Amino acid sequence: MQKIMLGFIAILLMTMNSYAQEAVTAEDPNVSSFHIDSLLGALQKDDKRWTSFIKGKNVLTGLYHLKAGEEDRQQPHDTDEVYYVIEGKAKFITDEQEIPVTKGSVLFVKAEVAHKFVAIEEDLVIIVFFDQ
């Protein structure tokens, strides 16, 4: 499962580039392409914290945005998940540990484990992959 999730991360990261573009759907109905700048712009415009943008048979992927100083109110989830931090600086805590996170951090959390981001020093932009 972890290899599959890391594969999804690799594919998504390969689709990112430095040019802003809107979400694009390829001619193939089985393939979609997105750009983080467009997704983040929509979140910020609507003052939202979360949006999902990939809903597949085995994966749900979304963008999570937390502002500096904000409280992360998420609850444990019933599926495994992977976080990829695109930008920001904070700490990630579970019942057992505290992990500093910055741009490029990748975190894996098993289902039902309590966790959240705390001490958010710089706005966090995170891609989240949920196992379905």
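Numbers here are sequence positions counted from 1. No experiment lies behind these values; they were computed from the predicted model shown.
- Between atom CG of residue L66 and atom CZ of residue R73 there is a gap of 10.5 Å, rounded to the nearest 0.5 Å.
- By the ring pair (Phe, Tyr, Trp, His ring centres under 6.0 Å) test, F92 is found to be paired with Y83, H115, F117, residues two or more places apart in sequence or in another chain being considered.
- Cluster annotation: L43 and I36 are assigned to the same hydrophobic cluster (Ile/Leu/Val/Met/Phe/Trp/Tyr, side-chain heavy-atom contacts under 4.5 Å, transitive).
- Linking ILVMFWY residues whenever their side-chain heavy atoms come closer than 4.5 Å, directly or via other members, leaves F108 and I93 in distinct clusters.
- Contact detail for P76 and A114: the closest heavy-atom pair is CG-CA, 3.7 Å.
- Annotation: side chain of L60 is not in contact with side chain of F129 (no heavy-atom distance under 4.5 Å).
- Nearest approach of Q74 to Y64, heavy atoms of both residues: NE2-CE2, 3.9 Å.
- Counting all heavy atoms, side chain and backbone alike, L40 lies closest to L63 at N-CD2, 3.6 Å.
- Enclosure of atom CD in E96 is not indicated, since only 12 or fewer non-hydrogen atoms of other residues, nucleotides or ligands lie within 6.0 angstrom.
- Listed by first and then second residue, the salt bridge (Lys or Arg N to Asp or Glu O under 4.0 Å) pairs involving residues 83-95 are K89-E121, K91-E98 (not counting sequence neighbours).
- When all heavy atoms are compared, the tightest approach of A111 to D80 is N-OD1, 2.9 Å.
- Taking the charged nitrogens against the carboxylate oxygens, E70 and R49 do have a contact shorter than 4.0 Å, which makes a salt bridge.
- Taking 4.5 Å as the limit, every side-chain heavy atom of V128 sits out of range of all side-chain heavy atoms of V82.
- The stretch residues 52-69 participates, sequence neighbours left out, in these salt bridge (Lys or Arg N to Asp or Glu O under 4.0 Å) pairs: D47-K67.
- Side-chain contact check for I86 versus I127: some heavy-atom pair is nearer than 4.5 Å.
- Using a 4.5 Å cut-off between side-chain heavy atoms of Ile, Leu, Val, Met, Phe, Trp and Tyr, with links allowed through other members, V118 and V125 fall into different hydrophobic clusters.
- Atom OG1 of residue T51 and atom CG of residue D46 lie 8.5 Å apart, to the nearest 0.5 angstrom.
- Here the shortest heavy-atom pairing between D131 and N58 reads OD1-O, 3.6 Å.
- By the rule that hydrophobic residues join a cluster once side-chain heavy atoms approach within less than 4.5 Å of another member, L107 and F130 end up as members of one cluster.
- Within the 3.5 Å criterion, the main-chain N or O of T79 finds no donor-acceptor partner in the side chain of H77.
- At least one side-chain heavy atom of D123 sits under 4.5 Å from a side-chain heavy atom of H65.
- For the pair P100 and S105, the tightest heavy-atom approach, listed with the atom from each and the gap, is O-OG, 4.3 Å.
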